[in-house]
Amino acid sequence: MFDQIKVVAIDGPAGSGKSTVSKLVAEKLGFTYIDTGAMYRALTLKVMRKNISFSEEEKISEVAQMIDLKLLPSLTNSNSIRVILDGEDVSSEIRKMEITGNVKYVAKIAKVREGMVEFQRRLIKGLGGAVMEGRDIGTVVLPEAKYKFYLDASFNERVQRRFMELRARADSVTHSEVADDLKQRDHTDKTRAVGPLKKAENAILVDTTSLSIKEVIDKIVGAVREPPVNGI
Ligand code: CDP
């Protein structure tokens, strides 16, 4: 299905460096960057704005089917993307802790995930190359991807990174709130019945705990430029 396209699948938990690294890898390779977490976040925002209760899974699935969502390159910063929901730029809003804490309710709904997976597969059609990051990319969305990576780091390092990132955005979150969020999300991401966070068997594991961003990027770009060892 993707034999003409170079697809790099990058999965891993929050704070593993996935987003930063994926954007820069895409830039280096001249590939399109696709942030699937942004899609689940935007859907969560829409559900909250419509005052739909998270227990109304059928209604949430309907919203997911109709969602008008675009991921566009940023106008000012090549390292970021704009997330456009119903014509409105929600890029900053979807990163707030309130959204982060609620994504799990929409991300566990089987019908929502089915729709998202289809949408994500459609997105790469016609592209010369794509770097897609998330939780289930190497396992469910693009199991035939030529290149798969699973990024991880120690829990403390991940908390520290996420804390610094939120602080830089002037989010008034505390260190222990970030630790609680990550602990909870690790658990819900890894234990949900559909599309759980899991390393694909043929993914390359990269422990980023003591690696610089550049070192991680070099590892991935180096592997992509070599002939693939896994997959087709
Ligand atoms: O940036 P961070 O790793 O904190 O989160 P994200 O990648 O933006 O994803 C936010 C949440 O969306 C995750 O905690 C997952 O629960 C969910 N998600 C998912 O279920 N499947 C994906 N492919 C991507 C994200």
Side-chain angles (χ1 to χ4, degrees), residues 7-23 33-48 54 60-61 64 69 71 79-81 83 85 90-121 123-124 130-143 145 148-153 155 157-166 168-169 171 173 177-200 203 208:
V7 182
V8 184
I10 303 185
D11 291 301
S16 56
K18 238 175 345 120
S19 299
T20 312
V21 162
S22 301
K23 279 174 211 158
Y33 164 63
I34 303 173
D35 174 3
T36 62
M39 300 176 193
Y40 288 95
R41 286 173 176 274
L43 174 60
T44 306
L45 174 63
K46 180 144 186 168
V47 166
M48 288 170 72
F54 288 119
I60 297 175
S61 308
L69 190 58
L71 301 186
N79 278 342
S80 103
I81 51 158
V83 181
L85 173 66
V90 294
S91 315
S92 307
E93 204 169 345
I94 58 165
R95 305 284 162 201
K96 292 190 175 153
M97 280 298 271
E98 198 191 356
I99 301 292
T100 307
N102 285 329
V103 181
K104 57 178 176 286
Y105 301 115
V106 310
K108 72 177 169 75
I109 305 173
K111 267 196 190 163
V112 165
R113 297 202 74 88
E114 272 166 33
M116 286 288 189
V117 169
E118 249 178 60
F119 180 58
Q120 290 155 6
R121 287 181 182 154
L123 278 180
I124 66 161
V131 177
M132 190 181 279
E133 60 131 320
R135 301 290 190 284
D136 56 345
I137 311 307
T139 50
V140 178
V141 183
L142 307 171
K148 298 183 187 181
F149 299 89
Y150 187 91
L151 268 47
D152 210 343
F155 182 73
E157 176 67 21
R158 293 193 290 118
V159 171
Q160 185 58 20
R161 285 178 189 167
R162 184 49 50 99
F163 177 66
M164 301 300 284
E165 191 185 322
L166 289 166
R169 271 196 228 129
D171 201 312
V173 72
E177 280 169 345
V178 175
D180 286 348
D181 168 63
L182 250 60
K183 200 171 172 188
Q184 252 209 35
R185 279 204 293 148
D186 280 357
H187 178 72
T188 50
D189 279 346
K190 288 179 180 171
T191 57
R192 76 174 151 248
V194 207
L197 168 63
K198 198 170 116 194
K199 179 186 164 304
T208 70

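Each ligand, and each atom within it, is numbered from 1 in the order the structure gives. Note that the numbering runs from 1 along the sequence shown for the chain. Here the structure is a predicted model, which means the values were calculated and not measured.
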Can a side-chain donor-acceptor contact be found between Thr208 and Arg158 if the only test is distance below 3.5 angstrom?
no
| Under the 3.5 angstrom rule, does the side chain of Arg121 hit a backbone N or O of Val141 as a donor-acceptor pair? | yes
Sorted by chain and number, sequence neighbours left out, salt bridge (charged side-chain N to carboxylate O under 4.0 Å, His left out) with Glu114 holds for none
Looking at residues at least two apart in the chain, or sitting in another chain, which of them share a salt bridge (charged side-chain N to carboxylate O under 4.0 Å, His left out) with Asp136?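 Salt bridge (charged side-chain N to carboxylate O under 4.0 Å, His left out) list for Asp136, sorted by chain: Arg113.
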Note: Ile137 and Ala9 closest approach over all heavy atoms is CG2-CB, 3.6 Å
Please table the atom pairs, donor to acceptor, closer than 3.5 Å between any side-chain atom in residues 105-112 and protein atoms at least two apart or in another chain.
residue	atom	partner	partner atom	Å
Lys108	NZ	Glu57	OE2	3.2
Lys111	NZ	Glu58	OE1	3.4
Lys111	NZ	Glu58	OE2	3.1

Ordered by chain then number, the protein residues lying under 4.0 Å from ligand 1 by heavy atom are Ala14, Lys18, Thr36, Gly37, Tyr40, Arg41, Arg95, Val103, Ala107, Arg113, Gly134, Arg135, Asp136, Arg162, Arg185, Asp189, Arg192
